[in-house]
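Values reported hereafter were calculated over all heavy atoms of this structure, with side chains retained and with hydrogens, waters and symmetry mates removed.
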Amino acid sequence: MKEQQPSVERAVRAIVRLSRLFERADAGLSLAQFRILELVSRGTERSTQIATRLATSKPAVTVLVDGMVAAGLLTRSSQPGDRRVVRLALTPKGEEALAHTERAYGERLRPLLEEISDPAALLLQLAEVDDALDARWARRSSGPAGPAGQVDPSPTTAEVPARR
């Protein structure tokens, strides 16, 4: 088989296949639940923000959050002075579930890393992608609105949220 040249399309295919690898992990959480816990762990406290970051609807996030609150993974609390604002927080059980899922995903990824030429370089690049996604979100969430309410995608001095 002829070796394929790197391309955006090939990267997309690899990322989609990686997501399937994680879906098949015995992690105790779905990918959607993991994404929500991960965002809350970074300080994203409102369902509206989570829905925006996940490019989904607030009702879809609410359904997942309801189940995660019932399972004891998240808590909801009102903001003092404004009951309309509901904040989400991880419970100790939610922190444990997030850590367990990260370990399970890591166990799925490690054998694949052993098959590539420079796993350390890939891990470094993935960390850079994570940082770029954070920076992009910070620009979008704090940047000035452009035409039709769109956020200006140009760089700003907004701080990137701290990692755990």
Could you note down all residue pairs passing ring pair (Phe, Tyr, Trp, His ring centres under 6.0 Å) where residues 41-74 supplies at least one of them, sequence neighbours left out?
-> none

Review item, side-chain donor-acceptor pairs of residues 112-124, under 3.5 Å, at least two apart:
unit_1 : atom_1 : unit_2 : atom_2 : d
D118   : OD1    : A121   : N      : 3.2

Cluster question for you: counting only ILVMFWY and a side-chain heavy-atom cut-off of under 4.5 Å, with indirect links fine, are L133 and V40 together?
-> no

Pair up each side-chain donor or acceptor in residues 13-20 with any protein partner under 3.5 Å, not counting sequence neighbours, and list the distances.
unit_1 : atom_1 : unit_2 : atom_2 : d
S19    : OG     : V16    : O      : 2.7
R20    : NH1    : E23    : OE1    : 3.3

With sequence neighbours excluded, what pairs up with Q49 under the side chain to side chain donor-acceptor pair (under 3.5 Å) test?
-> none

What pairs of residues pass the ring pair (Phe, Tyr, Trp, His ring centres under 6.0 Å) test when at least one of them lies in residues 73-116, not counting sequence neighbours?
-> F22-Y105, F34-Y105

Within a reach of under 6.0 Å around CZ of R87, are more than 12 heavy atoms found that belong to other residues, nucleotides or ligands?
-> yes

If you take all heavy atoms of A104 and A25, which pair is closest and at what distance?
-> O-CB, 4.3 Å

Sequence neighbours left out, what pairs pass ring pair (Phe, Tyr, Trp, His ring centres under 6.0 Å) with at least one residue falling in residues 53-95?
-> none

Can you give the donor-acceptor pairs under 3.5 Å from side chains of residues 55-77 to other protein atoms, not counting sequence neighbours?
unit_1 : atom_1 : unit_2 : atom_2 : d
S57    : OG     : A60    : N      : 3.2
T62    : OG1    : K58    : O      : 2.9
D66    : OD1    : R76    : NH1    : 3.0
D66    : OD1    : R76    : NH2    : 2.5

Quick one: do R53 and D134 make a salt bridge, cutoff under 4.0 Å?
-> yes

Work out which heavy atom in R103 is nearest to a heavy atom in R110; give both atom names and the distance.
-> O-NH1, 4.4 Å

Hey, could you give me each pair passing ring pair (Phe, Tyr, Trp, His ring centres under 6.0 Å) that has a residue in residues 60-79? Not counting sequence neighbours.
-> none

Distance in Å, D131 CG paired with R136 CZ, rounded so as to fall on 0.5 Å steps = 14.5 Å

Taking atom OG1 of T101 and atom CG of L29, what is their separation to the nearest 0.5 Å?
-> 3.5 Å

Mind checking whether I36 and L54 have side chains closer than 4.5 Å, heavy atoms only?
-> yes

Restricting to pairs with a member in residues 88-99, which pass salt bridge (charged side-chain N to carboxylate O under 4.0 Å, His left out), not counting sequence neighbours?
-> none

May I ask you to list the residues sharing a hydrophobic cluster with V86, side-chain cutoff 4.5 Å, ordered by chain and number?
-> none

Can you name the nearest heavy-atom pair linking L88 to I50, along with the distance?
-> CD1-CD1, 3.7 Å

